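Below: the structure, in structure tokens.
Below, chain A is the first sequence line, B the second, and so on; all start at residue 1. Remember, it's a predicted structure, so these values are computed and weren't measured experimentally.
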There are 2 protein chains.
Amino acid sequence: MSDNLNFVKKLRISGLRPTKQRIKICEILFGGKDTFHFSINELSKIISQKTNEKISLATIYNTVHAFLSKGYIKQIAVNSEQNYYDTNTTDHHHFYDEDKNQLIDIHDNEVEPVKINRKIPGKKIKSIEVLVKVQNN
Amino acid sequence: MSDNLNFVKKLRISGLRPTKQRIKICEILFGGKDTFHFSINELSKIISQKTNEKISLATIYNTVHAFLSKGYIKQIAVNSEQNYYDTNTTDHHHFYDEDKNQLIDIHDNEVEPVKINRKIPGKKIKSIEVLVKVQNN
DNA sequence: TAATACTTTAGAATAGTTATAATCTACGCA
DNA sequence: TGCGTAGATTATAACTATTCTAAAGTATTA
């Protein structure tokens with residue numbers, strides 16, 4: 001439960017009240033060793049599996065948005081059917097397995113830095129994302 | 001109008017009947033010199049501006065899907081709010097201007113080839129897409 | 001020209017997401 | 001410790017994008 005204290009701290013620091021629901025979602029998202037990828041739908045299922053009390057869908061959306069804007073998680077563009085989020089907020093790229101509908105991290109040492117030899121006047125680069133779509137052989 | 005004959009041919013070759021609606025959408029998508037990027041919503045607006053008769057939304061969706069599956073256009077993942085399509089189906093990457101909500105092609109000579117030093121067992125790479133998000137300075 | 005298979009269409013249905021307003025809860029202050 | 005208040009949660013309504021349906025229309029082939 002020392003984790004929970006960390007989550008309370010984490011939430012408080014970013015100005016979010018540490019409610020039961022937010023702490024539970026923190027546990028799920030940040031309590032494991034690995035980062036992970038999820039859609040709202042998947043998160044919602046995990047919550048109802050691991051929790052006795054239900055968390056309303058509206059709260060799940062609110063919390064994901066709050067965590068997004070506080071930089072706890074980031075959004076990944078795959079396609080418009082599935083809206084994915086990633087608990088790994090560092091710059092990194094992804095494989096997308098079209099058969100399993102699953103994202104896989106590509107670590108920095110697994111890809112050469114992407115070099116763009118062009119600038120858009122008046123604009124600055126906010127992020128560079130590579131998405132490698134893969135499918136069964 | 002020689003263009004129209006080409007569109008009729010193009011449609012017929014891929015097994016699509018050259019209907020009035022499909023030809024009109026071909027004109028809009030492939031009649032100009034440049035390739036372009038569009039959402040269903042934007043295409044729908046352009047159609048109603050440039051056309052006297054209306055084309056039903058369902059037909060616009062059907063046609064875009066048909067053109068997608070025939071390889072006339074391709075889909076671009078930007079975010080889940082906007083579903084974008086591109087008339088340039090060759091492999092290339094994009095800037096996404098977050099202020100104007102606009103895609104800009106990155107040509108092959110403007111980017112170093114992306115090298116991924118990792119393979120997923122049993123999977124083959126279908127596409128590699130780079131999305132460079134930019135915003136105002 | 002007639003038969004038929006393919007298309008288009010309006011509107012219904014669905015899915016994902018956001019808004020609303022009532023109830024509840026965390027937290028600062030007395 | 002208890003109160004008041006701002007912030008949070010909730011069920012449900014509303015909204016938006018997309019897909020489905022089935023009826024009417026059109027291109028094609030014989």
Sugar-phosphate only, base, or nothing, as touched by B/Asn62 at under 4.0 Å among non-hydrogen atoms: base

For atom CG of B/Leu11 and atom P of D/dT28, their distance in whole Å: 10 Å

Salt-bridge present (B/Lys123, A/Asp99; N to O < 4.0 Å): yes

B/Leu43 CG to D/dA17 C1', straight-line distance once rounded to whole Å: 15 Å

Atom pair distance, as rounded to whole Å: NZ in A/Lys54 and P in D/dA8: 24 Å

Whichever of A/Asn41 and A/Lys20 has its nearest DNA chain C nucleotide further upstream toward 5': A/Asn41

Among C/dA5, D/dG7, D/dT18, the nucleotide that comes nearest once only the side chain of A/Arg17 is considered: D/dG7

Pair B/His94 + B/His37: ring centers closer than 6.0 Å: yes

Spacing between B/Ile23 atom CD1 and D/dT26 atom P, to the nearest angstrom: 14 Å

Contact under 4.0 Å: B/Tyr61 side-chain N or O vs D/dT18 OP1/OP2: yes

5'-most by nearest nucleotide on DNA chain D - B/Pro18 or B/Ile40: B/Ile40

Shortest side-chain distance from B/Ala58, nucleotide among C/dC27, C/dG11, C/dT7: C/dG11

cation_pi(B/Lys10, B/Phe30) dist<6.0 Å, angle<=45: yes

Expected output: side-chain A/Lys50 to main-chain A/Lys24 donor-acceptor under 3.5 Å: no

Whole-Å distance separating the CG atom of A/Leu68 from the C1' atom of C/dT17: 14 Å

Integer-rounded Å distance: C/dT7 P and B/Leu16 CG: 7 Å

Length of the CD1-P vector between A/Ile60 and D/dT10, whole Å: 9 Å

A/Arg22 side-chain N/O to D/dT9 phosphate OP1/OP2 under 4.0 Å: yes

Distance in angstrom units between B/Ile47 CD1 and C/dT8 P, rounded: 11 Å

C/dT18 OP1/OP2 closer than 4.0 Å to side-chain N/O of A/His65: yes

Side-chain N or O of A/Arg12 closer than 4.0 Å to phosphate OP1/OP2 of C/dC27: yes

Sugar-phosphate, base or nothing in reach of A/Thr19, heavy atoms under 4.0 Å: sugar-phosphate

Heavy-atom check, side chain of A/Ile40 versus side chain of A/Leu57, under 4.5 Å: yes

Under 4.0 angstrom between A/Gln21 side-chain N/O and D/dT10 OP1 or OP2: yes

